[in-house]
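Encoded as structure tokens, the structure appears first; notes follow it.
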Amino acid sequence: MGDESMRVLITGADTTLGAAVADYFTSRGAVTEGADADPTDSVDVRRAVAQAADVMGGIDALVVAHALPRVAAFAEQSMDMFWDHVDATLTGSFLYAQAAAEHMRHNDTGGRIVLTTSRWHVGGPELSAVATAAGGIVALTKTLTRDLGGFGIGVNAVAVGAVDSEWSVCDAAAGLPGGVPPTGRFGTVEQVARVIGLLCRRRLGAAVGQIVNVDGGTSRNRV
């Protein structure tokens, strides 16, 4: 299935990454819908996903890009601040994936799901909430691949770092080694969107359950 015939649901169209993903697909002729829901409210998420599926006539791909980072010193961070980010990011990813997968599974169409997270799932100073949520998304991606693979639904995640976006504050807080990535320059959300677009193609087949780092070569870990 080419981009021009895809129906893509995108969360976080009001973020720089979400907007870039929407632009990527619409410029290639895909049908897109944004999701406007409280990512921690299962009823609201299901409503938003059902509405998008109705408008588009189904869902071929879900891209989750709604969350924003929470940077705060560990000793000064309240539990409310911590859970605000973890819930919006991790719980929201779970609920959107669950709701979209129901449409893909019950309609026997299969599809692709791409979650987005921070490359700082490895941890960093002032990033306890970010690292917790990101680490959870890594585990969720691996698990959903096993839960949904039999229905023809492929799940991957993109871990963003050293990219000019709202997530740049994480690189600053953690102290990006050398100040810049090995490529010598920071990436763009448009570059991340192109990677996401590739992962949404069903022709990739068995390329599922992967965490793809888009961080200019900064990461040297395997997840």
Side-chain angles (χ1 to χ4, degrees), residues 10-21 35 37-41 45 62-97 113-144 155-182 186-189 191-193 195-196 199 209-223:
I10 304 165
T11 78
D14 57 340
T15 67
T16 56
L17 177 56
V21 172
D38 177 353
T40 67
D41 186 328
V45 168
L62 165 70
V63 179
V64 177
H66 60 264
L68 295 174
R70 167 72 70 178
V71 175
F74 178 74
E76 300 170 4
Q77 185 169 209
S78 68
M79 288 306 299
D80 284 343
M81 292 171 62
F82 176 84
W83 283 114
D84 278 349
H85 177 75
V86 175
D87 265 346
T89 307
L90 182 55
T91 302
S93 295
F94 172 89
L95 291 177
Y96 271 110
I113 295 174
V114 180
L115 308 179
T116 60
T117 185
S118 167
R119 59 92 53 189
W120 292 105
H121 53 75
V122 296
E126 301 188 350
L127 297 178
S128 55
V130 169
T132 299
I137 289 177
V138 170
L140 181 63
T141 300
K142 304 293 186 180
T143 300
L144 291 182
V155 184
N156 290 292
V158 171
V160 180
V163 168
D164 187 14
S165 71
E166 292 97 342
W167 291 87
S168 299
V169 296
C170 297
D171 299 318
L176 187 67
V180 293
F186 283 82
T188 68
V189 288
Q191 292 166 353
V192 180
V195 174
I196 290 173
L199 293 174
Q210 303 305 305
I211 314 301
V212 180
N213 293 313
V214 183
D215 60 10
T218 300
S219 295
R220 290 181 289 179
N221 58 292
R222 292 190 297 172
V223 291

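Hydrogens, waters and symmetry mates are skipped; everything else that's a heavy atom, side chains included, is used.
In terms of modelled atom types and a separation under 3.5 Å, the side chain of N213 and the main chain of D215 share no donor-acceptor contact. The backbone N or O of P39 lies less than 3.5 Å from no partner atom in the side chain of H66, so there is not a single donor-acceptor pair. The backbone N or O of S165 lies less than 3.5 Å from a partner atom in the side chain of S168, making a donor-acceptor pair. Formation of a donor-acceptor pair under 3.5 Å by the S118 side chain with backbone atoms of A131 is not found in this model. At distances below 3.5 Å, not a single donor-acceptor pair connects side-chain atoms of D164 with backbone N or O atoms of T188. Side-chain atoms of D87 never come within 3.5 Å of backbone atoms of T40 as a donor-acceptor pair (strictly under, hydrogens ignored). Not a single donor-acceptor pair under 3.5 Å links the side chain of T11 to the backbone N or O of A35.
The two residues V71 and A173 make their nearest non-hydrogen contact at CG1-CB, 3.8 Å. The two atoms that bring L90 and G136 nearest to each other are CD1-C, 3.5 Å, heavy atoms only. Across all their heavy atoms, G209 and K142 have their closest contact at O-NZ, 2.8 Å. In terms of heavy atoms, G135 sits closest to H121 at N-CB, 3.7 Å. A193 and A20 make their closest contact through CB-O, 3.7 Å (heavy atoms, listed as atom of the first residue, atom of the second, distance). The two residues Q77 and A129 come nearest to each other via the heavy atoms OE1-CB, 3.7 Å.
S93 OG to I137 CD1: the interatomic distance, rounded to the nearest 0.5 Å, is 3.5 Å. Separation of atoms SG (C170) and CZ (R70) is listed at 11.5 Å; rounding is to 0.5 Å. Here the straight-line distance linking atom OH of Y96 with atom CG of L115 works out to 13.0 Å at 0.5 Å rounding. Here the CD1 atom belonging to I196 is positioned 12.5 Å from the CD atom belonging to Q191, to the nearest 0.5 angstrom. How far CG of N156 is from OG1 of T116: 12.5 Å, rounded to the nearest 0.5 Å. L68 contributes atom CG, which lies 8.5 Å from atom OG1 of T16 (distance to the nearest 0.5 angstrom).
More than 12 heavy-atom neighbours from other residues, nucleotides or ligands sit within 6.0 angstrom of CG on D41.
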List the steps, then state whether side-chain contact (heavy atoms from CB on, under 4.5 Å) holds for W167 with L17. CA-CA 10 Å; W167 291 87; L17 177 56; 5.5 Å; no

As a quick check of understanding, evaluate side-chain hydrogen bond (donor to acceptor under 3.5 Å, both in side chains) for E166 and T15, giving each step before the final call. CA-CA 8 Å; E166 292 97 342; T15 67; 5.0 Å; no

Could you walk me through whether T117 and V158 pass side-chain contact (heavy atoms from CB on, under 4.5 Å), step by step? CA-CA 6 Å; T117 185; V158 171; over 6 Å; no

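Applying the ring-ring contact (aromatic ring centres under 6.0 Å, His included) test to residues at least two apart or on different chains, none of the pairs has a partner in residues 68-89.
For the side-chain contact (heavy atoms from CB on, under 4.5 Å) with V114, the lone residue among T141, V212, L199 that qualifies is L199.
Remark: the D80 side chain and the S78 side chain contain no N/O donor-acceptor pair separated by less than 3.5 Å.
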